[in-house]
Amino acid sequence: MQNTALTETHIALGAKMVPFAGFNMPVSYEGVNLEHETVRNNVGVFDVSHMGEFLITGSVALDLIQKVTSNDASKLVNGKAQYSCLPNEKGGIIDDLIVYKIADEKYLLVVNASNIQKDWDWISSHNSMGATMKDLSNEYSLLAIQGPKAAIAMQSLTSVDLETMKFYTFEIADFAGIENVIISATGYTGSGGFEIYCKNSEVQQIWNKVFEAGANYDIKPVGLAARDTLRLEMGYCLYGNDIDDTTSPIEAGLGWVTKFSKDFINAEALAKQKEHGAERKLIGFELDERGIPRQGYDIVDSNGKIIGTVTSGTMSPSLGKGIGLGYVPSVLAQPGSKINIQVRKNAIPATVIKLPFYKS
């Protein structure tokens, strides 16, 4: 079990620690609902240093990224980030990731913790052009400072005008007394905020100063449990639940990051799927009656026939109702369609809705 540079800090704060993707991680501090509402209304801080970071450099760096990712990284300018996927050769997804263009011929790929080695091996196996690759995962920490008060609470820590930073842009600048920190206007919560990339040796100072700066804004540490409820309310996919090696970007509603203006792994097959339509699609649903949908529950029709599976589900802290994601036949994927979720012995009626669940 690996620790982040802040593990002892989390333990001292009374966090409940759990194994996650091979790391000892804080799942909650004061409770999921309180931490969830903190991010929706104020500002909360996640330690997500378990995520992986790969540096891709050289004159053919873009060529490699274009080959292995579904989105069109040629559209990136310096200081811009892009959400993307790593398609496999069988119609599924190796991982989802964010691509940062730091400079010409210099890119940072941020991947899921559970897939670091898998992604590294996959990208390396397709690096026939000879781009320079470096795995920085064990050297860097990542804090997600999320919520509507994040910009105003953190402004005293940097010379960057946080309020004017646009979504999916980033700057390499001073932060909390440390130089050359990546300040990224990204996140996984739908409530705004920033992600801070720094060296492991710097993260304790940054953590301390972040909480000092946010003291007047009801800042709190937030665990992975609330991160999951926050992302689910936005309909954001979680790798291993909603997308995996068997789900295509088209099925998962990720056609918007699948650009056929370039060639990439399995592009031809995915283009055909997009043209002809996928047989199943990932949908969001709300329960019409009280209940909590969970991953793995069956989705059934009015006759009790199994038509799909819940991939993520929870009781939404913001909405006070059961919500979830799951795959169903495409004919039932339209908003307003009626389905049922098998919660133990009860088939609870549910309605397919247009994502996101939570609208700020």
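Just so you know, these numbers come straight off a predicted model, no measurement behind them.
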If we ignore hydrogens and angles and just use 3.5 Å, is the side chain of Glu251 paired with the main-chain N or O of Ser248 as donor and acceptor?
yes
Are the side chains of Thr132 and Ile56 in contact, using a 4.5 Å heavy-atom criterion?
no
I'd like to check the ring pair (Phe, Tyr, Trp, His ring centres under 6.0 Å) partners of Phe20; sequence neighbours left out, ordered by chain and number.
His50
Count the heavy atoms belonging to other residues, nucleotides or ligands that lie under 6.0 Å from CG of Leu355, then report whether that count exceeds 12.
yes
Hey, are Asn200 and Ser141 close enough side-chain-wise for a donor-acceptor pair under 3.5 Å?
yes
Go through it in stages, so that I can follow the logic: the residues are Thr311 and Gln295, the test is side chain to side chain donor-acceptor pair (under 3.5 Å), and I'd like the CA-CA distance, side-chain angles, deciding distance and then a yes or no.
CA-CA 5 Å; Thr311 55; Gln295 181 190 19; over 6 Å; no
So does Lys305 get a backbone contact from the side chain of Asn303, meaning a donor-acceptor N/O pair under 3.5 Å?
no
Could you check if a side-chain atom of Val43 sits within less than 4.5 angstrom of a side-chain atom of Thr38, using non-hydrogen atoms only?
no
Any side-chain to backbone donor/acceptor pair from Asn88 onto Gly92? Under 3.5 Å, distance only.
yes
Evaluate whether atom CD of Glu139 has more than 12 neighbouring non-hydrogen atoms of other residues, nucleotides or ligands under 6.0 angstrom away.
yes
Separation between CD1 of Ile306 and CG of Asn340, rounded to the nearest 0.5 Å
12.5 Å
Within the supplied structure, the quantity of interest is the number of heavy atoms (other residues, nucleotides, ligands) at a distance under 6.0 Å from Lys134 NZ; does it exceed 12?
no
Test item: Glu171 side-chain N/O and Asp161 main-chain N/O as donor-acceptor pair under 3.5 Å
no
Could you tell me whether Arg227 and Asp47 make a salt bridge, using a distance below 4.0 angstrom between a side-chain N and a carboxylate O?
no
Qualifying salt bridge (Lys or Arg N to Asp or Glu O under 4.0 Å) pairs with a residue from residues 177-201, counting only residues at least two apart or across chains:
none
Side chain to side chain donor-acceptor pair (under 3.5 Å) partners for Ser137, two or more places apart
Asp135
Return yes if some donor-acceptor pair links the side-chain N/O of Gln66 with the main-chain N/O of Leu62 below 3.5 Å, else return no.
no
Taking NZ in Lys16 as the centre, count heavy atoms belonging to other residues, nucleotides or ligands within less than 6.0 Å. Is the count above 12?
no
Pick out which of Val160, Thr158, Ile206 makes a side chain to side chain contact (heavy atoms under 4.5 Å, CB included) with Val181.
Ile206
Answer yes or no: is there a donor N or O on one side and an acceptor on the other, between the side chain of Ser28 and the main chain of Gly31, under 3.5 Å?
no
Hits for side chain to side chain donor-acceptor pair (under 3.5 Å) against Glu8, two or more places apart or cross-chain, chain-then-number order -> none
What residues, two or more places apart in sequence or in another chain, satisfy ring pair (Phe, Tyr, Trp, His ring centres under 6.0 Å) together with Tyr217?
none
For Glu279, does the CD atom sit with more than 12 other heavy atoms under 6.0 Å from it, leaving out its own atoms?
no
Across all chains, not counting sequence neighbours, the side chain to side chain contact (heavy atoms under 4.5 Å, CB included) partners of Cys85 are Ser70, Ile93, Asp96, Leu254, Val257
Closer than 4.0 angstrom, basic N to acidic O: yes or no for Glu286 and Lys321?
yes
Side chain to side chain donor-acceptor pair (under 3.5 Å) involving Asn138 - partner list, sequence neighbours excluded
none
Inter-residue atom distance Ser59.OG - Asp104.CG, 0.5 Å rounding:
12.0 Å
Can you tell me how far the CG atom of Leu109 sits from the CG atom of Leu136, to the nearest 0.5 Å?
11.0 Å
Note: Ala73 and Ile65 closest approach over all heavy atoms is CB-CG2, 3.7 Å
State whether the side chain of Thr7 and the backbone N or O of Asn3 hold a donor-acceptor pair below 3.5 Å, judged by distance alone.
no
Atom pair CE/CG of Met17 and Asn24 - distance to nearest 0.5 Å:
4.0 Å
Judged by modelled atom types alone, do Thr186 and Ser184 share a side-chain donor-acceptor pair under 3.5 Å?
yes
Give me each pair satisfying salt bridge (Lys or Arg N to Asp or Glu O under 4.0 Å) with a member in residues 201-222, each pair once, sequence neighbours excluded.
Glu30-Lys220
Could you verify whether a donor N or O on one side chain and an acceptor N or O on the other, from Glu37 and Asn33, lie under 3.5 Å apart?
no
Test: Asp121 and Lys118 ion pair at under 4.0 Å
no
Side chain to side chain contact (heavy atoms under 4.5 Å, CB included) involving Ser124 - partner list, sequence neighbours excluded
Trp120, Met133
What's the verdict on side chain to side chain donor-acceptor pair (under 3.5 Å) for Asn346 and Gln342, showing C-alpha distance, side-chain angles and the deciding distance?
CA-CA 6 Å; Asn346 300 317; Gln342 193 70 42; over 6 Å; no
For a quick test of reading the model, state the closest non-hydrogen atom pair linking Gln204 to Thr9 and the distance between them.
OE1-OG1, 2.8 Å
Whether the side chain of Asn115 engages the backbone of Asp119 through a donor-acceptor N/O pair (distance < 3.5 Å, no angle test) should be reported.
no
Euclidean distance, Asn180 CG relative to Ile172 CD1, rounded to 0.5 Å
7.0 Å
Which heavy-atom pair separates Met25 from Val48 by the least distance, and what is that distance?
CE-CA, 4.5 Å
Okay, side chain of Thr189, backbone of Ser191: is any donor-acceptor separation there less than 3.5 Å?
yes
Minimum heavy-atom separation for Pro356 and Met234, please, with both atom names.
CB-O, 3.5 Å
Measure from NZ or CZ of Arg280 to the centre of the six-membered ring of Tyr327 and say whether it is under 6.0 Å with the direction within 45° of the ring axis.
yes
Which pairs with one or both residues in residues 94-117 pass ring pair (Phe, Tyr, Trp, His ring centres under 6.0 Å), sequence neighbours excluded?
Tyr100-Phe170, Tyr100-Tyr197
Run the ring pair (Phe, Tyr, Trp, His ring centres under 6.0 Å) test against Phe264 and tell me which residues pass, sequence neighbours left out.
Phe260
Compute whether any side-chain donor of one residue and acceptor of the other, for Glu105 and Thr57, lie under 3.5 angstrom apart.
no
Does any N or O in the side chain of Asn112 come within less than 3.5 Å of the main-chain N or O of Ser114, such that one atom is a donor and the other an acceptor?
no
For Asp301 and Lys338: C-alpha separation, side-chain torsions, deciding distance, then whether salt bridge (charged side-chain N to carboxylate O under 4.0 Å, His left out) applies.
CA-CA 8 Å; Asp301 65 14; Lys338 295 295 183 178; over 6 Å; no
Do Arg231 and Ser312 have side-chain atoms, one donor and one acceptor, less than 3.5 Å apart?
yes
List the residues meeting side chain to side chain donor-acceptor pair (under 3.5 Å) with Ser74, not counting sequence neighbours, and say none if there are none.
Asp72
To the nearest 0.5 Å, tell me how far Leu325 CG sits from Leu238 CG.
9.5 Å
